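What follows is a set of notes on a single structure, which appears directly below.
Below, chain A is the first sequence line, B the second, and so on; all start at residue 1. Quantities reported herein were computed from a predicted structural model and do not represent experimental measurements.
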Amino acid sequence: MIDLAALRKDPATFRKAWGDRGASVDVDALLAQDTQVRELKTRTESLKAELNAASKAIGPLAKAGGAALDEAKAKARALGDQAKALDAEREAAEKALSDALLYLPNPCLAEVPVGKDAADNRVAAVWGDEPQFAFKPKAHWDLAPALGIMDFERGAKLAGSGFVTLRGAGARLSRALVSWFLDCHLANGYTEWAVPYLVTPQIMQGTGQLPKFGDQLYRCKDDDLLLVPTAEVPVTNLHAGEILDGATLPLKYCAHTPCFRREAGAAGVGTRGMTRVHQFDKVEMVWFTTAERSRADLETMRGHAEALLKGLGLRHRVLQLCTGDTGFSSACTFDLEVWSPGTGTWLEVSSCSSFTDFQSRRAAIRARGADGKPQLIHTLNGSGLALPRCLIAVLETWQQADGSVIVPPVLRPYLGGMERICK
RNA sequence: GGAAGCGUGGCAGAGUGGUCUAAUGCACCGGUUUUGAAAACCGGCGUGCCCUAACGGGUACCGUGAGUUCGAAUCUCACCGCUUCCGCCA
């Protein structure tokens, strides 16, 4: 959520920022709504002040009774009715305004390149040369089933298309990646959390998934709970409604969770094999930091994600997303894309973003600074990393002519020393 | 799933219809005293929003929501959470 007071003060900046994002926002209507709400608030509150004074005056009269008491009560009742009516009006206006605010995206940082869509994203860095093979490298959807470590048909049998099963060394390799990722984060000072995979609608609103993107979420209707699309949701909301001790910032958390996404409308686009599925595992990094250091912290966090790809020996690149491609809640995003030799494409395995105070305002996450006053903090998060596409890249990059796959050295301790996955 | 009890400020804990902007204690901050510290004493000490150039004023919040009343932490109802017991169960 944006800062309404800031919008009031400098509407031009917001107008431009939303325009750059391709969002059409009627700023004048918002400002008019805001003025109306504040006016109603002032009137309602002064009426309530009158009512409170009138009620207070009844106390001493109550014992005596008589006409004076009845008269005072009647007067207070009339005031009360008036206040109630006005308050209802105020509440409706306030709700309309706050509902509108929930649909407005976070303005991007000034440094974010202006652009329309993914085609305008800027390649910030490329790591590693394109791996060379003495044979034609296979795509994972051929390679992995042949090794008996991935089974698409059985996944579809259980839950429909978009669900995959891993078998034997495939399942174990996936678990190894998760463990190694988490251990790397712990070494970097992160605190690991295990969190619920189902959350309430209010929690989804805190990080920005609701109300606008509900069609992408799986919902348990009987219980009014939703399956998390990313650990960002439960982990960021761990501190919802809290006032943290500023001296403890930045807090660096990580968590491994499955992620559930309906991918409504994405059918057919890059969905072959395991590249886009409804359920996948991911390790997520989440930071709670200050406005002063959030931008620098984003670099640090992105470095942590990149180090994982380097450790696995996977060619990858870093994209700075343009305004038009930056996610709703984010002010600045870097995507990490890993090279898939089997398909000759880049696959997104991480998205590292600064949400500035957009999420903390929605979720009411504050910290007490040196001056003792509570202030909204900044939240960051980044994948570190998403499993399926890492698995794809590992298999395709480390595949051998005979169809076997060399296990990257860093993962071997997690696989009982296994050096090669064979049929 | 059933029953009972309980949800008050950072913590502990009073308050059961009117001066509650919530007693008291602890913690915390400032000051006095002290060579320094402790102790003692004095003062301060929640959050959001609205009005104001500012000083300041107002309003809301005692798990959440609704209700009764001129007036609710206090009464009523629903919901949520915690604790204990029972049932079921990885």
Side-chain angles (χ1 to χ4, degrees), chain A residues 1-9 30-102 194-206 210 220-226 234 237-249 251 258 357-377:
Chain A
M1 200 155 57
I2 59 126
D3 179 4
L4 196 50
L7 174 71
R8 206 180 289 146
K9 209 166 151 190
L30 273 179
L31 290 172
Q33 228 173 334
D34 170 50
T35 305
Q36 188 209 4
V37 165
R38 283 184 297 138
E39 199 183 303
L40 280 169
K41 209 171 241 177
T42 306
R43 280 168 57 203
T44 304
E45 285 181 2
S46 70
L47 250 182
K48 280 186 181 170
E50 256 187 89
L51 170 63
N52 287 344
S55 292
K56 215 169 200 174
I58 289 176
L61 292 175
K63 280 214 173 87
L69 176 63
D70 292 339
E71 194 184 318
K73 276 195 182 183
K75 187 186 155 206
R77 190 178 295 126
L79 269 172
D81 290 344
Q82 217 180 326
K84 210 170 181 177
L86 199 59
D87 201 38
E89 201 181 327
R90 173 206 57 86
E91 200 180 349
E94 214 168 345
K95 184 169 187 314
L97 178 58
S98 62
D99 284 354
L101 286 176
L102 288 174
V195 293
Y197 307 152
L198 285 164
V199 298
T200 63
Q202 178 172 356
I203 292 304
M204 286 291 184
Q205 183 173 296
L210 286 181
C220 300
K221 288 202 170 69
D222 288 345
D223 301 287
D224 205 17
L225 291 170
L226 302 108
N237 280 288
L238 283 170
H239 293 304
E242 296 184 10
I243 301 175
L244 304 165
D245 175 0
T248 64
L249 300 181
L251 295 172
D357 60 10
F358 188 82
Q359 292 183 325
S360 61
R361 185 172 289 106
R362 284 177 166 241
I365 308 171
R366 292 170 293 170
R368 212 176 285 282
D371 63 351
K373 293 272 170 241
Q375 270 205 313
L376 291 171
I377 54 106

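- Checked options A/Ile243, A/Leu244, A/Leu238; the residue passing with A/Ile365 is A/Leu244 (criterion: side chain to side chain contact (heavy atoms under 4.5 Å, CB included)).
- Annotation for A/Gln33: atom CD counts as buried by contact number, over 12 foreign heavy atoms lying within 6.0 Å.
- For the pair A/Asp223 CG and B/G1 C1', the interatomic distance rounds to 14 Å; values are reported in whole Å.
- Put simply, the side chain of A/Ile203 reaches to within 4.5 Å of the side chain of A/Thr200, judged on heavy atoms.
- Put simply, the side chain of A/Leu4 reaches to within 4.5 Å of the side chain of A/Leu97, judged on heavy atoms.
- Of the possible polar contacts, one joining the A/Arg362 side chain to the A/Leu102 backbone as a donor-acceptor pair under 3.5 Å is found.
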Base contacts versus sugar-phosphate-only contacts with protein, heavy atoms under 4.0 Å: please encode nucleotides 45-64 of chain B as B, S and - from 5' to 3'. --SSSBS------BSS----
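- Taking 4.0 Å as the cut-off between side-chain N and carboxylate O, A/Lys84 and A/Asp87 do not count as a salt-bridged pair.
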What dot-bracket string describes RNA chain B from 5' to 3', counting Watson-Crick and G-U wobble pairs whose defining distances are under 3.5 Å, with [ ] for crossing pairs and | for pairs to another strand? ((((((((.[[[..)..(.....]]].(((((.......))))).((((((....)))))).[[[[[..)....]]]]])))))))....
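- Here the side chains of A/Ile377 and A/His239 are not in contact, with every heavy-atom distance at 4.5 Å or above.
- B/A14 sits 12 Å from B/C20 when the C1' atoms are compared, rounded to a whole Å.
- B/G44 sits 27 Å from B/A53 when the C1' atoms are compared, rounded to a whole Å.
- Interatomic distance, A/Leu101 CG to A/Ile2 CD1, rounded to the nearest 0.5 Å: 5.5 Å.
- For B/U33 and B/A38, the C1' atoms lie 12 Å apart once the distance is rounded to whole Å.
- A/Pro201 is listed as a side-chain neighbour of A/Leu226, based on a closest heavy-atom distance under 4.5 Å.
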Could you list the protein-to-nucleotides 67-70 of chain B atom pairs, N/O on both sides, closer than 3.5 Å?
| unit_1 | atom_1 | unit_2 | atom_2 | d |
| --- | --- | --- | --- | --- |
| B/C70 | OP1 | A/Arg77 | NE | 3.3 |
| B/C70 | OP1 | A/Arg77 | NH2 | 2.4 |
| B/C70 | O2' | A/Ser55 | OG | 2.8 |

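- Nucleotides B/A23 and B/G9 are separated by 13 Å at their C1' atoms, to the nearest Å.
- Salt-bridge formation is detected for the pair A/Asp34/A/Arg38: a Lys NZ or Arg NE/NH1/NH2 atom is positioned less than 4.0 Å from an Asp or Glu carboxylate oxygen.
- B/G2 and B/C79: their P atoms are spaced 10 Å apart (whole Å).
- Annotation: B/G65 and B/G13 have their C1' atoms spaced 27 Å apart (nearest Å).
- B/G25 and B/G15 have their C1' atoms separated by 15 Å, with the value rounded to a whole Å.
- Atom C1' of B/C6 sits at a distance of 15 Å from the matching atom of B/U16, rounded to the whole Å.
- The CD atom of A/Gln36 sits 11.0 Å away from atom CD of A/Glu94, with the distance rounded to the nearest 0.5 Å.
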